[in-house]
Trainee: 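Below you will find the structure I want to go over with you.
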Amino acid sequence: MLPNLQAYRGSLLHFLADPAFSSDAHVYHADGLLIVADGKVQAAGNYASLHATLPAGTPVHDYRGKLLMPGFIDTHVHYPQTDMIASPADGLLPWLETYTFPTERQFEDPAHAGQVAEFFLDELLRCGTTTAMVYCTVHPQSVDAFFSASEQRGLRMVAGKVLMDRNCPEFLRDTAEGGARDTEALIQRWHKRGRALYAITPRFAPTSTDVQLHLAGELARAYPDTFIQTHVSENKAECAWVHELFPQARSYIDVYDSVGLLRPRSMYGHCIWLDETDRARMADSGAAAAICPTSNLFLGSGLFDFAAADRAGMALSLASDVGGGSSFSMLQTMNEAYKVARLKGSYLPALRMFYLATLGAARSMQLEGVIGNFATGAEADFIVLDPAATPLLARRNRAWQESGASLEELLFALALLGDDRAVAATYAAGQPVYQRAAH
Ligand SMILES: [Zn+2]
């Protein structure tokens, strides 16, 4: 049977390396063509040279004037917190008590979980996010609901059941053994089924006993290609609490390291209050940081130190952390990341921010070649960005529209002024999964 071939014409951008460490990191074609065969990238390049290779009759979707790029990857987000986004609280710990725990309680009900999962996925796709690392709740049925919904849409998603056996309300508490048993059953049910990938998910060190963390580490060794996700060093009160609970640990990240939870495919949310030893250990172990600027500013947690992370050679990615984060949009996440970097005396070029939200995330997850860029054979998850999505964007981006000037300026304006409105269309595995209504 002949492959299902589709082609997309527009300005085309993707990355081969980190712009912070390579002068040749991105590929850009002002008049480009993306060729997709059976849901995978067959070729990406100049329209003029590639068009001639298409068999007669191949449909060519015309996105001229718009920017085609890989779908965004959000490496840390809580789908059950969708309904409590933008809830006021004076810091992380009161916010958890007042809003998070009561909201997560509702996911005991599979119908509620399914309904929130559908809205959450709609919102991700509207924002151009095609892959996310997703926290469910302590209830296994919240994972089933999420993966059922993402499977139906053909999305590459990573998710896991929260492990939490202390320092939380009774109604959200599992046990060390019960949580491990549920996790193993979910790994067997969902990991690598279609595009689903499982993440072992202790919420954070304070809500797990030593025994639970040890069992999570054992699962991580038994299933080395699963993911691990948790929070570390988000806010000062939390760090002091961890120090009280684990007095033997050298540092917060050492609590995880000592049980085998620092390894490739482990994703650590926040990573603000780390020291040099912590950063070096993360880089050596292959663990990665999910940087959550809208959340860190919203909860007043602190400012991520990009320069220190780069000196240590840590793997970095950007994340929304909804509902602590205040936007699903990775463009808005870049906007805040840029300001966080400025406040720490660093500078984040737009090219680097777009890298961090695509290939940088894929590399952090050890999924390069699968998602994150237009390498031949990669899954065709891509988005169409509209530089003229709003009157202000159209005016700001006139120079690019008229003369193709400065890609960096175009990307910077999209990051600072853009949000879900800048996403004209989203494709997953070559299938259209979101199309912005005409305006
Ligand atoms: Zn979080």
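For ligands, and for the atoms within them, numbers begin at 1 and follow the listed sequence. These numbers were taken from a predicted model, which means no experiment stands behind them.
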Trainee: Can you see whether Tyr252 engages Glu238 through a side-chain donor-acceptor pair at a distance of less than 3.5 angstrom?
Mentor: yes

Trainee: Testing the 3.5 Å rule here: is there a donor-acceptor pair between the side chains of His76 and Gln229?
Mentor: no

Trainee: I'd like to know if the Zn ion (ligand 1) has an N/O/S atom from Glu234 within less than 2.8 Å of it, counting both backbone and side-chain atoms.
Mentor: no

Trainee: By atom name, which N, O or S atom of Asp321 is the nearest to the Zn ion (ligand 1)?
Mentor: OD1

Trainee: Thinking salt bridges, do Glu379 and Lys40 make one under a 4.0 Å N-O criterion?
Mentor: no

Trainee: State which residues pass side-chain contact (heavy atoms from CB on, under 4.5 Å) with Thr183; sequence neighbours excluded, sorted by chain then number.
Mentor: Lys161, Leu163, Ile187, Tyr198, Ile200, Leu219

Trainee: Kindly give the atom name of the N, O or S atom of His78 closest to the Zn ion (ligand 1).
Mentor: NE2

Trainee: Classify the side-chain pair Ser251/Asp278 by whether it contains a donor and acceptor separated by less than 3.5 Å.
Mentor: yes

Trainee: Check His76 and report its N/O/S atom nearest to the Zn ion (ligand 1), by atom name.
Mentor: NE2

Trainee: N/O/S of His270 less than 2.8 Å from the Zn ion (ligand 1)?
Mentor: no

